[in-house]
Amino acid sequence: MRMTSLFLRTLRDDPTDAEVESHRLLVRAGCIRKVASGVYSWLPLGSRVLRRVEQIVREEMDAAGAQEVILPIAQPLELWERSGRDAAYGPLMFRLQDRKETGFCLSPTAEEVVTTTVAAEYSSYRDLPVNLYQVNWKYRDELRPRFGLLRAREFLMKDAYSFDVDVEGLGVSYQEMYDAYHRVFTRCGLTFRSVEGEAGEIGGDVNHEFMAVAAVGEDDFVWCKQCDYAANVEVARRSAEHPAHHAVVPAADAAPVEKVHTPQLPGIAGVAEHLGAAASELLKCIAFDVDGELGLALVPGDREVNEFALARAVTPRKARLYTDDDFAARPALPKGYIGPGYEGAVLVVADPSVRAPRGWITGANEVDHHVRHVRLDRDFRVDVWADLVTIVSGDPCPNCSGPLSVDRGIEVGQVFQLGTKYARALGAFYTDERGDQHPMVMGCYGIGISRVVAAVVEEHHDEHGIAWPAALAPFDVHLVVLPGKGDAADEVRRTADALYDALRGAGLEVLYDDRDASPGVKFADADLLGMPVQLTLGAKGLARGIVERKVRASGERNELALTDDVLTVGPGELRAAVGARDAWSG
RNA sequence: CGGGAUGUGGCGCAGUUUGGUUAGCGCGCAGCGUUCGGGACGCUGAGGCCCCGGGUUCAAAUCCCGGCAUCCCGACCA
């Protein structure tokens, strides 16, 4: 593609609304343009990248035995009412009405449609298993779209759905997808981890999230440096061997409960400092609502409560941490001075580390007062013991007790064992050998394709611009010609044209900067646009019979002899000399 | 859902406080000339419903009211 005819305008100025590098660079490089909040147009360069990711996904899905379909984006709301997800999604779903005022939504995902589709066609164990996938635009009316493509309202997603006769079959389908995902993200050049994810309201089902490691990610995940344990912080646990569980009782803690005056000190840090104690010596009591009543969650003062863990601990009841409104509605509850023995609490949940036989400093259930030497059993009770603390770096791994590490990631994919929820709700049953009916056992598997593009830029860029991995780059080679105005100008152009033809003849996709622009502009754009290999031909090089080669990512440079290496050799040799895609994608 | 801001040629902004001729600047765009290996320079030029709708006024980008859009912050560890 000649740049003189490419639909492209690069920007020298950063767009004001870009908070993260991927957003900034994709806009500056002319890959995307915002049309509305969280809605983007994909211009030629961006579109090519998107298609390449899509193609990789398609190849791996097909290789794993999944079959491509195209499901509707506009879906009848009635289907979502049947599964109960209409209410579950609420305002997060884009909604519309047709002229007859029938409700529709723009698909955020497609379990309902695919389940009814399979139910309509298949009804025998002989038909299963089957795995259907699509690559299609999805919609979520995010409260707050941000970070460009990372949290958009319209995004391209691959979603696959497997249907099996039983849980064993589901396990096989799941593993095939899990392995395919590893291949996809590896081919895309991402540094990623697969981690155990939050199962959500369904409960007990296996699922993994694929996290591209990135500081701008919106998810924290935990991984072990010694074994293969890895989990979203929402579900991460630590070993019961934690030293805090076996704290020695200081002699003084046999002392009776003592009330101390702690004026204007509603926080852990202030109380600890005031009393000369460590935060870990305090017992933190967090108020939560459990089906309209008051519950207390107990963790050591230096830890935070994991809300998801709390929710799991009280299942099937629903738990939610108190908000300012809740406190306002219960003025007797002394926020900041709550102790574990508060009379109004119907349920006390505690992390095992609270079991340590020691005296605690905690709230006195009276404003401006705390108490010390408070002991479990003697001074307060616990109704439910459950892992409650949010994992932090250094906590012991639940598998091997090795040190855990916490990192941020961008969730680029998720695989989920759904079970029979949708099959039952939407009537996807099959008949077995004996004529008995059973619900199909489902799995669902998503990849955020447009989000992968952003995640790749987050990982592969520098101060000059994007450095696309070869497998995703819009073009394999960026050819820059610098004809100058000297006597050789025409010959430089002619030679570059010939080189352009030769490269394309060798099967390479070439972006040819044939514009009448100054060298600085061309070099700056080449670095911004980020093709993996840059070739520069100028009058000086032509005089010496060479073309310069630069590897975008590493900055490595060398020279290729025009006659021997480039213009007169065969396609295979030319590809090798240029070192483009096949030397990179592996 | 609360709080804060911003809307002015394609992009980035000034002008608004204190209303007053033809609304400016940088980048980009077009033409001519110079330049030609890391975002060159000169001259000339095109391009603006100043977000939308009301209102005040002799006069509104500017003041008032109401919308819309966009961006940021907060969602909570007691």
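Proteins come first, then strands; the chains are lettered A, B, ... in the order of their sequence lines, and each starts at number 1. Note that this is a predicted model, so its numbers are computed, not measured.
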Grab the CZ-C1' distance between A:Arg320 and B:C77 for me, whole Å please. 16 Å
Using a cut-off of under 3.5 Å, enumerate the N/O to N/O pairs linking the protein to nucleotides 5-9 of chain B.
none

From CG of A:Asp13 across to P of B:G26 the rounded distance in Å is 13 Å
Answer yes or no for A:Arg552 and A:Trp468: cation-pi contact, defined as NZ/CZ to six-membered ring centre under 6.0 Å and angle to ring axis within 45°. no
Any chance the side chains of A:Asp514 and A:Tyr500 put a donor and an acceptor closer than 3.5 Å? no
Using atom P of each nucleotide, how far apart are B:C72 and B:G53 to the nearest Å? 28 Å
With rounding to the nearest 0.5 angstrom, report the OG to CD1 distance, A:Ser22 to A:Ile410. 6.5 Å
Do NZ/NE/NH1/NH2 and the carboxylate oxygens of A:Glu559 and A:Arg544 come within less than 4.0 Å? yes
Determine the contact category for A:Gly486: base if any of its heavy atoms lies under 4.0 Å from a base atom, sugar-phosphate if only primed atoms, P, OP1 or OP2 are that close, otherwise nothing. nothing
B:G48 pairs with, by Watson-Crick or G-U criteria that keep both distances under 3.5 Å: none
Under a 3.5 Å cut-off for both distances, is B:G2 Watson-Crick or wobble paired, and to whom? B:C73
Less than 4.0 angstrom from a charged side-chain N to a carboxylate O is my criterion; do A:Arg312 and A:Asp387 meet it? no
Is there a donor-acceptor pair under 3.5 Å between the side chain of A:Lys522 and the backbone N or O of A:Val481? yes
Would a 4.5 Å heavy-atom cut-off, applied to side chains only, mark A:Val354 and A:Leu283 as touching? yes
Measure from NZ or CZ of A:Arg48 to the centre of the six-membered ring of A:Phe475 and say whether it is under 6.0 Å with the direction within 45° of the ring axis. yes
Closest nucleotide of RNA chain B for A:Glu19 versus for A:Tyr337: which of these residues is on the 5' side? A:Glu19
Value in whole Å for how far the P atom of B:C32 lies from NZ of A:Lys485: 11 Å
So A:Ile268, base contact, sugar-phosphate only, or nothing? Heavy-atom distance under 4.0 Å. sugar-phosphate
Rounding to an integer number of Å, can you tell me how far A:Phe308 CZ sits from B:C76 P? 15 Å
Please state the P separation for the pair B:A23 and B:C64 - nearest whole angstrom. 23 Å
Rounding to an integer number of Å, can you tell me how far A:Ile32 CD1 sits from B:C11 P? 15 Å
Length of the line joining A:Asp516:CG and B:U34:P, which is rounded to integer Å: 13 Å
How many angstroms lie between atom CG of A:Leu43 and atom CZ of A:Phe7, to the nearest 0.5 angstrom? 6.0 Å
NZ or CZ of A:Lys335 within 45° of A:Phe327 ring axis and under 6.0 Å: yes
Given the C1' atoms of B:G19 and B:C63, what is the spacing between them in whole Å? 7 Å
Interatomic distance at P, B:A14 relative to B:G9, whole Å: 13 Å
Which listed nucleotide (B:C13, B:C29, B:G26) is nearest to the side chain of A:Thr16? B:C13
Quick one: label A:Phe327 by what it contacts on the DNA or RNA (base, sugar-phosphate, nothing), any heavy atom closer than 4.0 Å. base
Look at the aromatic rings of A:Trp80 and A:Tyr89 and report parallel, tilted or perpendicular, splitting at 30° and 60°. perpendicular
Test item: side-chain donor near acceptor, A:Thr262 and A:His370, under 3.5 Å: yes
Separation of B:C77 P from A:Asp351 CG (nearest whole Å): 19 Å
Distances under 3.5 Å only, N/O to N/O: pair up the protein atoms with those of nucleotides 68-70 of chain B.
| residue | atom | partner | partner atom | Å |
| --- | --- | --- | --- | --- |
| B:U70 | OP1 | A:Ser37 | N | 3.2 |
| B:U70 | O3' | A:Lys34 | NZ | 3.1 |

Over all strands shown, is A:Leu482 touching base, sugar-phosphate only, or nothing at heavy-atom distances under 4.0 angstrom? base
State whether A:Thr323 places a side-chain N or O below 4.0 Å from either non-bridging phosphate oxygen (OP1 or OP2) of B:A75. no
Which nucleotide sits closest to the side chain of A:Glu307: B:C11, B:C36, B:C76? B:C76
Regarding A:Ala517, tell me which of base, sugar-phosphate or nothing describes its non-hydrogen contacts under 4.0 Å with the strands shown. nothing
What is the base-pairing partner of B:C32, counting Watson-Crick and G-U wobble geometry with both distances under 3.5 Å? B:G42
B:G19: pairing nucleotide in any strand, Watson-Crick or G-U under 3.5 angstrom: none
Answer for the Watson-Crick or wobble partner of B:C27, both distances under 3.5 Å, is B:G10
Would you mind checking if A:Asp291 and A:Arg317 are paired as a salt bridge, meaning a charged N to carboxylate O distance below 4.0 Å? no
Can you name the atoms? Protein N/O to nucleotides 38-49 of chain B N/O, anything below 3.5 Å, with the distance.
| residue | atom | partner | partner atom | Å |
| --- | --- | --- | --- | --- |
| B:G38 | O6 | A:Arg557 | NH2 | 3.2 |
| B:G38 | N1 | A:Asp527 | OD2 | 3.3 |
| B:G38 | N2 | A:Phe523 | O | 3.4 |
| B:G38 | N2 | A:Asp527 | OD2 | 2.4 |
| B:G39 | O4' | A:Gly520 | O | 3.4 |
| B:G39 | O2' | A:Arg12 | NH1 | 2.4 |
| B:G39 | O2' | A:Arg12 | NH2 | 3.2 |
| B:G39 | O6 | A:Arg28 | NH2 | 2.8 |
| B:G39 | N1 | A:Asp525 | OD1 | 3.2 |
| B:G39 | N2 | A:Asp525 | OD1 | 3.4 |
| B:A40 | OP2 | A:Ser518 | OG | 3.4 |

Taking A:Asp351 as the fixed residue, which of A:Arg238, A:Arg303, A:Lys284 is the one that meets the side chain to side chain donor-acceptor pair (under 3.5 Å) rule? A:Arg238
Which nucleotide, in any strand shown, forms a Watson-Crick or G-U wobble pair with B:U56, with both distances under 3.5 Å? none
As a test of reading the structure: which of B:C77, B:G37, B:A75 is closest to the side chain of A:Leu143, going by heavy atoms? B:A75
Between B:G37, B:C29, B:G12, which one does the side chain of A:Arg9 approach most closely? B:C29
Sugar-phosphate only, base, or nothing, as touched by A:Glu548 at under 4.0 Å among non-hydrogen atoms: base
Between A:Gly484 and A:Gly301, which residue's closest nucleotide on RNA chain B lies nearer the 5′ terminus? A:Gly484
Separation of B:A75 atom P from A:Glu218 atom CD, nearest Å, is 14 Å
